[in-house]
Each structure stands twice: as structure tokens, then as C-alpha cells.
Amino acid sequence: MRLIVITPETDLPGETGILGQLFDAGLEHLHIRKPQYTKQQMEQYLSEIDPVWYRRVVLHDRFDTGFRKGIRRFHLNSRNPFPPAEREILVSRSCHSLQEITLYINQPYDYLFLSPVFDSISKKGYTAGFSEDLLQQAFSTGVLNNKIVALGGITVERIPQIRLWGFGGVAVLGALWNSLSPVARFKELKHICEVKDI
């Protein structure tokens with residue numbers, strides 16, 4: 001399964017240093033979500049990441065700044081619903097209903113987020129938007145497949161169930177950044193995502 005890490009909205013002490021350790025530990029997809037950042041703040045944040053990792057970075061905001069830095073992966077959301085006009089980029093998108101999934105699944109997105117699958121860890125009061133029965137039905141009818149990434153309340157313990165629902169990946173935020181050791185937690189998550197038969 002694909003494992004995606006999303007940055008915390010509010011900067012944490014030593015955050016970009018931790019990102020370097022996550023990349024070294026095998027992180028393939030880092031989503032930088034900093035909606036409050038100015039252009040200058042985004043430039044500074046990206047300058048603290050070794051450019052060798054830019055091919056693994058996906059931006060949610062400040063697309064123009066990222067493109068000038070050499071980043072070619074972008075994530076669409078309600079704040080930024082349209083991709084850069086440039087060619088040879090990869091684009092993903094956030095969805096909050098199964099109807100949105102069916103609308104976008106056949107469009108040229110690298111993958112789609114579906115959230116919140118479980119009660120959010122990082123956003124208090126952001127509760128699960130789907131029943132287990134609904135997710136099982138969506139899997140049975142082919143709506144959920146390996147192009148869909150589960151987001152919201154993702155923990156190590158929940159990944160086996162997410163796999164059974166047919167998701168192709170998970171995106172984590174609170175479970176990783178709220179832990180005492182984000183790098184150790186990432187390694188746990190990565191291990192369970194790589195297990196083929198549970």
C-alpha cells in the first residue's frame with residue numbers, strides 16, 4: 001500500500017530535520033500542507049529540504065513557488081482547485097464523498113484522497129464520514145480501488161481493515177506527528193503497509 005505523510009499545518013520544532021529522516025527511512029510521498037504560508041515562508045521551508053527529495057514532494061499550496069523550485073507534484077483541494085498550467089506534472093485531489101470519487105476516478109489523477117474515513121486525530125470534531133457498511137459496499141461495487149487513499153484517523157491498527165476495503169494507500173498526519181518519535185512511528189506504518197497478507 002502507498003504510504004503518504006502530510007505535514008502538520010502548524011510548524012513543529014525541527015520539523016524539516018525530521019522530514020529528512022523520514023525520507024532516509026523510505027518516505028516516498030510527502031504532502032506539504034501549509035495553507036497559512038506566504039510565498040516567502042514556503043520558499044524558506046522548501047530551502048530546508050534537500051532538493052534531492054523534491055521528486056517525492058507534493059504541494060497543497062503555493063504551486064508557483066514549488067514549480068520554480070523544481071517540484072512537479074501538486075494536490076488539488078477547495079483552496080486550490082486547479083493545477084498549474086505546465087505540462088509533465090502529477091496531480092492528486094481531495095474528495096470528501098463517494099460521489100466525488102466516482103466523478104474524478106477516470107480523470108488523469110495520480111490518486112485521490114477520501115476523507116475522513118475514521119474520526120480525525122489531528123482535527124478535533126472532524127468525525128468519520130462513512131459507515132463500515134458503506135465502505136464495504138463501495139469496495140464491492142468497485143468504487144474503492146488502488147487509486148484511492150484513505151485519510152482521517154489512520155493508525156497502525158486500522159491499516160489492515162483499510163486494506164480489506166480496497167484502498168490503495170493511506171495518508172497519515174496526527175498518528176505520526178502526535179507521537180513521541182515520528183520517525184519510529186513512520187517505520188511502524190511503513191512495515192504494516194508493506195505486509196502483503198494479514
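Throughout, residue positions are numbered sequentially from 1 according to the sequence presented.
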Just by distance, do the side chain of [X] and the backbone of [Y] share a donor-acceptor pair under 3.5 Å?
X      : Y      : result
Asn145 : Gly166 : no
Lys147 : Tyr109 : yes
Tyr54  : Leu46  : yes
Arg73  : Leu30  : no
Arg158 : Gly153 : yes
Gln41  : Thr38  : yes
Asp50  : Trp53  : no
Arg93  : Pro81  : yes
Trp177 : Ile6   : yes
Asp119 : Ala128 : yes

Is there a side-chain contact (heavy atoms from CB on, under 4.5 Å) between Ile32 and Val57 once you walk through the steps?
CA-CA 7 Å; Ile32 297 178; Val57 167; 3.6 Å; yes

Could you go step by step and tell me if Lys69 and Ser47 meet the side-chain contact (heavy atoms from CB on, under 4.5 Å) rule?
CA-CA 9 Å; Lys69 286 273 196 180; Ser47 73; 3.9 Å; yes

Look at the side-chain heavy atoms of Ile, Leu, Val, Met, Phe, Trp and Tyr, link any pair under 4.5 Å apart, and say whether [X] and [Y] land in one connected group.
X      : Y      : answer
Leu134 : Phe167 : yes
Leu103 : Ile105 : yes
Phe82  : Val91  : no
Leu90  : Phe74  : no

Which heavy atom of Cys95 sits nearest a heavy atom of Tyr104, and at what distance?
SG-CD1, 3.8 Å

Looking at every heavy atom in both Val58 and Ser92, which two are closest together, and how far apart are they?
CG1-OG, 4.1 Å

With heavy-atom distances below 4.5 Å as the criterion, would you say the side chains of Ile154 and Ile162 are in contact?
yes

Taking the side chain as C-beta and beyond, is there a heavy-atom pair between Ile159 and Met1 under 4.5 Å?
yes

Supply the atom-to-atom distance [X] [atom1] to [Y] [atom2], rounded to the nearest 0.5 angstrom.
X      : Y      : atom1 : atom2 : answer
Leu176 : Leu27  : CG    : CG    : 9.0 Å
Ser181 : Lys187 : OG    : NZ    : 8.0 Å
Ser94  : Leu112 : OG    : CG    : 9.0 Å
His60  : Tyr37  : NE2   : OH    : 14.0 Å
Ile148 : Leu98  : CD1   : CG    : 9.0 Å
Ser97  : Phe130 : OG    : CZ    : 6.5 Å

Ion pair check, [X] and [Y], cut-off under 4.0 Å:
X     : Y     : value
Asp64 : Lys39 : no
Glu88 : Arg72 : no
Asp61 : Arg33 : no
Glu43 : Arg68 : yes

Aromatic contact between Phe113 and His96, with the criterion being ring centroids under 6.0 Å apart: yes or no?
no

Stepwise side chain to side chain donor-acceptor pair (under 3.5 Å) test for His31 and Thr7
CA-CA 6 Å; His31 278 236; Thr7 61; over 6 Å; no

Those residues at least two apart in sequence (or on a different chain) that pass side chain to side chain contact (heavy atoms under 4.5 Å, CB included) with Glu28 are Arg56

Identify each donor-acceptor pair in which a side-chain atom of residues 12-25 lies under 3.5 Å from a protein atom, sequence neighbours left out, and give them as a table.
| unit_1 | atom_1 | unit_2 | atom_2 | d |
| --- | --- | --- | --- | --- |
| Glu15 | OE1 | Leu12 | N | 2.9 |
| Glu15 | OE1 | Lys34 | NZ | 3.3 |
| Glu15 | OE2 | Lys34 | NZ | 2.9 |
| Glu15 | OE2 | Tyr45 | OH | 2.5 |
| Thr16 | OG1 | Glu48 | OE1 | 2.8 |

Take Leu3 and Glu194 through the side-chain contact (heavy atoms from CB on, under 4.5 Å) test and state the conclusion after the steps.
CA-CA 9 Å; Leu3 173 59; Glu194 290 174 345; over 6 Å; no

